[in-house]
Every structure is written in structure tokens, then in C-alpha cells.
Amino acid sequence: MKRIFLLAFALLPVAAIAQQNSKATDLVDYINPLMGTASKPSLSNGNTYPAVALPWGMNFWTPQTGKMGNGWQYTYDADKILGFKQTHQPSPWMNDYGMFSIFPETGALKLDESKRASWFSHKAEVAKPYYYSVYLADYDVTTELTPTERAANFRFTFPKSDSSHIIIDAFDKGSYVKIIPGEQKIIGYSTRNSGAVPANFKNYFVIYIDKPFALASTWHNGQKDGSLEYTGDHAGAVISFKTIKGEQVHLRVASSFISAEQAELNLKRELGTDKFEVTEQKAKDTWNKTLSHLKVEGGTIDQTRTFYSSLYRMLFFPNKLYEVDAKGQTMHYSPINGKILPGYYFAGTGFWDTFRALYPFLNLVYPSINKEMQQGLVNSYKEGGWLPEWSSPGYADCMIGNNSASVVSEAYLKGLRGYDIESLYQALKHGANNEGPNATGRRGVEYYNTLGYVPYDVKINENAARTLEYAYDDFAIYQLGKALNKPKSEIEVYKKRSQNYRNLFDPETKLMRGKNKDGSFETPFNPFKWGDAFTEGNSWHYSWGVFHDIQGLINLMGGKPQFVAKLDSVFTIPPIFDDSYYGTTIHEIREMQIAGMGQYAHGNQPIQHMIYLYNFAGEPWKTQYWARETMNKLYKAIPDGYCGDEDNGQTSAWYVFSAMGFYPVTPASDQYVLGAPLFKKLTVSLENGKTITINAPKNNADNKYVNSLSINGKPYDFNWLSHKALLNGAELNFDMSATPNKQRGIKAEDVPYSMSNEK
């Protein structure tokens, strides 16, 4: 039925589609979960997979085209599916943990994943956030699945066959399965993970099947063993039965990181006796409710699809690791100390990416979930002594910086309350003054706290990038300390350290440059060299990483004209590069090279805020131009629709914020920096009941510039918006034009916040 409807929809004239979409209420159906899936290690167009899940759910499901253990678990150019996998994977580079898969077959039994893989086509595939369906050609079986937060309903439609099978694969590296034919039930666990978990880590699962088992056996090493229970390196189960043509077999599946009993409880609580269609409708309703906080009007169908497909990616990570026990209490398995403890826990994100725009977006639109996340961070600190910088699901050794400082500080500064902020403040101070395990704390902290920078020549890689990020993180700690009325003597040190970015500014090149322990700059210096002193970027990307004090950076560069000229150069210098630090051209370099935007490497995070910096130098129309160019050129709701790693919602958050017409250059402040909206109208329904309405009736492909702006009926010339004011509700009316208004936003008082401008 769904396929017939989609075919009919595809035959509608374009005008009819546009009219129908303009009246659509099911926002979730604009989403293409395949956006970004045409990726590979050498070139990322998103590095995503189609996540069939609920917002921030504990478990996601995905069709599996990659072999067991391959982080590229679904790629658009694949032509075979070998399982339907429960996944918790934040990115292919981090890989997965606690995974297992389910797969239907007919005919001769094939257990080995390579042999059982079935041909499929995207023409016979339906991917929605709340529903997935695909036809497995080799077996004449259609698979459908629909999720809850910790469970899922499966429906297999079989042909007439004397030998129909369902295969459970608990994966290798230590797993267990037990078949209970009398209850038509399979239980088990998987321990497969990619590190950052304690030794007792397990993902327990339970599966109920609504058809009696004619034959049942566990299997390992690709062979049935005839038993009903097996523990070993690679455990699996297979059940077999006869089916008639069109027979539907249903599975109810749930899992738990706590226990097998909790998995049963999760299944009963979230699925109960719900039929497939009921679960599907509930999932669809949840998505529509969550997405309805943002409603866009007056864009093209492609823009609308790209907007909601990007928003979809922002609503997964960090995902819930907590569960609700039989007493109704929130509990979690600690991926840090291996204990079962009360309270919230989230995992699956790197703050190096997401502090920039994903968390600011949560604080504006979904503060209630971020409050839970902050409570989860309290637990992380209490259970392990550190805040994570990358959680996957425990302390992962990945990326640089101490950006938990921004995530924690911003949440409180933007009004979140009702959690243990004092413990989090102590955690920030501890992390800022110590080096911890697996990327926690600050590597090179002794040098940073004494010299004011991490030296280039002391065998600490990415030293300049660390220095720049630590300086912003110190600003965030200082801002939180002020808000908490901490003693001036305690917080002044962080205020002073926030200016450490100055120590790396090279007055000769007017770029950031690695500095040796003796105070001399690194020599030779190649500003196009990726890595080395920087992280997944070069000096042209990181020199703008002074989020909290752009005016200070302008002063160092010699003033606004020189600053603007330097910004312009990013787009006009050819995409030359030096990849000698890596010994190969990493995918981030290649993505910059082919984007056609000079040295602007939007496919990676360090430079993503740079377009908005023209506002600080009195030329906001250039922000408006380049933001629209980037949205138009580098984003589209198709399989190669991103320009680099999507990275847990961050690259998507840039798009969604930019489509709204503003961006959080300095997350740990009250301000957003103005760009220009993408749609004729965008309505934000806040959790406090207030509404932000963004009107731009003249908006179109040509009218990309802001001629004037009024807020609540009053003219507004500033190049920034106040978070606090937006929370009170606001109506923003943009008058858009095809030519820039070079008289608006040019006065000294129009510029956004910079620390150097504080009185």
C-alpha cells in the first residue's frame, strides 16, 4: 500500500506536489533519512546512516550493508543487505557498541553474513524516521520495522516456503543467546564495542516471535550446533518454519544495558501488546510533535526537505542511556564504572563538534532534554571524576579541547535550572587544571597555565588548536563563575587565561601560529599545512577560533578593513594544501578542495562560524551572502547532501540556525549573530509557550540581503539577537532585497558581543 501511494505521489505534477506540501501537517515525511549516506572513508558526504528511531532514543535501527564491525554500516552505493541492526553508533569513525542484528531468509539456510546478504534496490526501499521497509530480492521477503525508544516492532512478509528462517546475530567478541521455544522467545546479549566501556558491559536483548518454531538452534562460526543455548565468541540463533504466500510474522524486540529482566520490562512498557501499525503511528506522532517546534513556510520543496532532514539529524545525539525500572525510577548502567546507578545518562557525542551550534539549539528550542543531559553530566563526573569530551559511551579518547566547559556553562547562562550546577562548576575547574584519561581534562595543561599556550616543540600534537580552544573554554568558566557569584579572586584567573589566544597571533602573517617553549614561533611556517599545530584544519581555519573576543582579534589584525580583507581571502585563495603531517590526503582536505569555496572548509567544524564574523567588522551583508551561498551549494536532502561529516547534529545545526537567520558564534553568551533567513516565514514554538515568528515575505533566490529588520514592530539595526529576549517571544520582520544595504549594521554599537568591548 505504501509503495502504491508513493508511486502515485511521484506521478503528480510539480505544481500539485508544491501545493500539497504547502499544506502538509506530517512534517516528518519531508525527511530523507538517506541524506548523507553516499559516503566512504576517503570522501564524506555526511557519513550518516538511516536511523530508524525516536528523538534521543536509546536504540536506533538501521539496515546493514557493511560487514560486522564496519563503521560504514550502511552506504547508499551498496547493493546488498545482510542484517537489520540495532545500533548506537554516533559516527563511523567512532564505530558502534552493543549491537546485534535480525534477518529473514527462505530456502537453504545461510548463516555467514557474506553468504546470506540479499540484493536490494532503493526503488523498493522506504526510509522514514519512524518506519523502514525493504524488499529482499534473494528471499522474496519484505522487511518492515518501526521503533520506540528502547524497543521495536518488526514485520516480515514471507512467500510460500517450506523453509523460512529468522536469524539472530549477536555478533562476535563475546555474546550469548538462548532460545525458549515454549515462549516463542529468544534472549541474549552482545558485548561487542569499540572501546570506552568497562569489562562487564553487555547489551541484553529479548525477542518474541508470534509464530511457533518448527526448528530452532543456536549457531556459531557460521554453523548450527543443535543446542538452544550458547555462550562464546560469536553467538547466534536461528528459528525455522513453513510459511504461506503473504504470511506476516511479527517480532517484538527490546534491549537493556542493565539486565535481561530490564529488557523485558522495556518491552512491556514501550510495546505492550501494540500492533505494528499502532507502534508506527505512535512513532510518527512523536516525530511530528518534536519537529513541530519549527514550522517553515514559503521555501522551495528542496529547501523544506533539507531543513527537516537536517533537523532530524539534530535530534539523536547525545542519546539516552537511561532506563526506567519496575518502581518507575530512572536508572542507568554507568559506562564509566560498570555499576547500575540512579539517574540520567546520555552518550554518543563529541563536544568538540557539538558545543558550537547543537547545544545552543537545544538550549533555545528543546531545553527540557538538555536539562536531562546536564543531569547526566553530573552523574558522569561523580562516577568517573571527569566530564567527558567524547562519550562513546564512556570516556572516549578522541579529539581535543575542554569544551564541556562551554556545554555546561551555556546551559546555565541561558536559563536551565533544577540540577546540581555546583558539582558541574567544580567539574569544570577540575578539568581546566588537570590532564585526565582519554581526552578528558586538558593535555598540556601545565604549559598552558604557566606559559599561556601549549608549545609546539614539546611533543604535544595539535598544540595551537588546544590553546585556542582552552582560551574560549576559560571564558566559559569565567562567565559561569560570575553567574554563580563566585569570588572574584577565584574566577579572575579564567578571565586572564581567556586572552591566551593572543600568545599565538603572528603579527607578520596575521594568522595563528604554533609557538615554541622559548617563545619563538614555529619555523618554517606553512599556513596551508593541515594538522600538526592544528586539528583537522590549518591556520586559515583556526585563526578565527576566538569565539569570545572577535574584537580582540580585529585589533590584532590591524582594524576592521584588514580583518574583512582577511576574511575575504578565505574564499579567494585557491584550495591548496599541505597534507604531509598525515602522510595522506584526509577526507576533510578533499572535501575543502572540491567545494569550490577556496580555503573555506565547511565540511569540518573549526571554521563553520567564520562566515558570521563580517558582522563584527561592519559588513554584515557579506555574512548574508556567504550564508546563503553555503546553504545553497553544500546542503541538499539527497544521499550526497552534506559537504563533510555531519557529526552528531553540528553540521545540520549550522544549516538550521542559518535558515532561521542567526547563529551562536559565542555559545557561552546571551547573543546570536545575525545572518539572513532562508524562508518567507519560520515559526519557533518554545517550550515556555512563547513563539518566535521570523517573517521575510520578499525572500527568494535573488533577495538574499537584509534591507531592514524590525522586532516587535520597532526598527532594529543591531547585528545580534538576545537569547533572553527571544525567550520572551518575538516577531522578527525582515525586509529582504536583491542588493545589500550597506548602511545597516555598520555603527560601532551594532556589533555583537566581544570580551574586549566589555566595560
A.B. asks: Would you please say whether a donor-acceptor pair under 3.5 Å links the side chains of Gln281 and Tyr130?
C.D. replies: no
A.B. asks: What I want to check is whether the side chains of Tyr76 and Thr65 have a donor and an acceptor closer together than 3.5 Å.
C.D. replies: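 No, no side-chain donor-acceptor pair sits under 3.5 Å.
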A.B. asks: What about the rings of Phe351 and Tyr359, do their centers lie closer together than 6.0 Å?
C.D. replies: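 Between Phe351 and Tyr359, the centre distance is under 6.0 Å.
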A.B. asks: Apply side-chain hydrogen bond (donor to acceptor under 3.5 Å, both in side chains) to Asp169 and list each qualifying residue two or more places apart in sequence or on a separate chain.
C.D. replies: Arg116, His234
A.B. asks: Kindly confirm or rule out a cation-pi arrangement of Arg150 over Tyr322, judged by NZ or CZ under 6.0 Å from the six-membered ring centre and within 45° of its axis?
C.D. replies: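 Yes, a cation-pi geometry.
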A.B. asks: Mind checking the CG-CD1 spacing from Leu682 to Ile694? Nearest 0.5 Å is all I need.
C.D. replies: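 So the CG of Leu682 and the CD1 of Ile694 are separated by 5.0 Å.
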A.B. asks: Please check if any side-chain donor atom of Glu264 sits under 3.5 Å from a side-chain acceptor atom of Tyr208, or the reverse.
C.D. replies: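 Yes, a side-chain donor-acceptor pair sits under 3.5 Å.
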A.B. asks: Establish, from distance only, whether the side-chain atoms of Glu323 and Asn266 form a donor-acceptor pair under 3.5 Å.
C.D. replies: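 Yes, because at least one side-chain N or O of Glu323 sits under 3.5 Å from a partner of the opposite role on Asn266.
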A.B. asks: Can Glu149 and Arg269 be counted as an ion pair, charged N to O under 4.0 angstrom?
C.D. replies: no
A.B. asks: Taking atom types as modelled, find out whether Ser44 and Asp645 have a side-chain donor-acceptor pair closer than 3.5 angstrom.
C.D. replies: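 Present: a donor and an acceptor within the cut-off.
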A.B. asks: Establish, yes or no, whether a centroid distance under 6.0 Å links the rings of Tyr635 and His602.
C.D. replies: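 Distance test on ring centres: under 6.0 Å, yes.
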A.B. asks: With no hydrogens and no angle check, just 3.5 Å: does a side-chain donor-acceptor pair link Gln73 and Thr87?
C.D. replies: yes
A.B. asks: Establish, from distance only, whether the side-chain atoms of Thr48 and Glu646 form a donor-acceptor pair under 3.5 Å.
C.D. replies: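 The criterion, which ignores hydrogens and geometry beyond distance, is not satisfied for Glu646 and Thr48.
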A.B. asks: Return the orientation label for the Phe84 and Phe156 ring planes: parallel under 30°, perpendicular over 60°, tilted otherwise.
C.D. replies: tilted
A.B. asks: Does the side chain of Gln605 come under 3.5 Å of the side chain of Thr651 through a donor N or O and an acceptor N or O?
C.D. replies: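 On atom types as modelled, these side chains qualify, holding a pair under 3.5 Å.
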A.B. asks: What do the steps show when you test Phe100 against Trp61 for ring pair (Phe, Tyr, Trp, His ring centres under 6.0 Å), and what is the final call?
C.D. replies: CA-CA 10 Å; Phe100 64 95; Trp61 291 89; 5.7 Å; yes
A.B. asks: Counting only pairs under 3.5 Å, give me each side-chain donor-acceptor contact of residues 310-319, with atom names and distances, residues two or more places apart or in other chains.
C.D. replies:
{"from": "Ser310", "atom 1": "OG", "to": "Thr306", "atom 2": "O", "distance (Å)": "2.9"}
{"from": "Tyr312", "atom 1": "OH", "to": "Ala51", "atom 2": "N", "distance (Å)": "3.0"}
{"from": "Tyr312", "atom 1": "OH", "to": "Ala51", "atom 2": "O", "distance (Å)": "2.7"}
{"from": "Arg313", "atom 1": "NH1", "to": "Tyr49", "atom 2": "O", "distance (Å)": "3.0"}
{"from": "Arg313", "atom 1": "NH2", "to": "Pro33", "atom 2": "O", "distance (Å)": "2.9"}
{"from": "Arg313", "atom 1": "NH2", "to": "Tyr49", "atom 2": "O", "distance (Å)": "2.7"}
{"from": "Asn319", "atom 1": "ND2", "to": "Gly57", "atom 2": "O", "distance (Å)": "3.4"}
{"from": "Asn319", "atom 1": "ND2", "to": "Met58", "atom 2": "O", "distance (Å)": "3.1"}

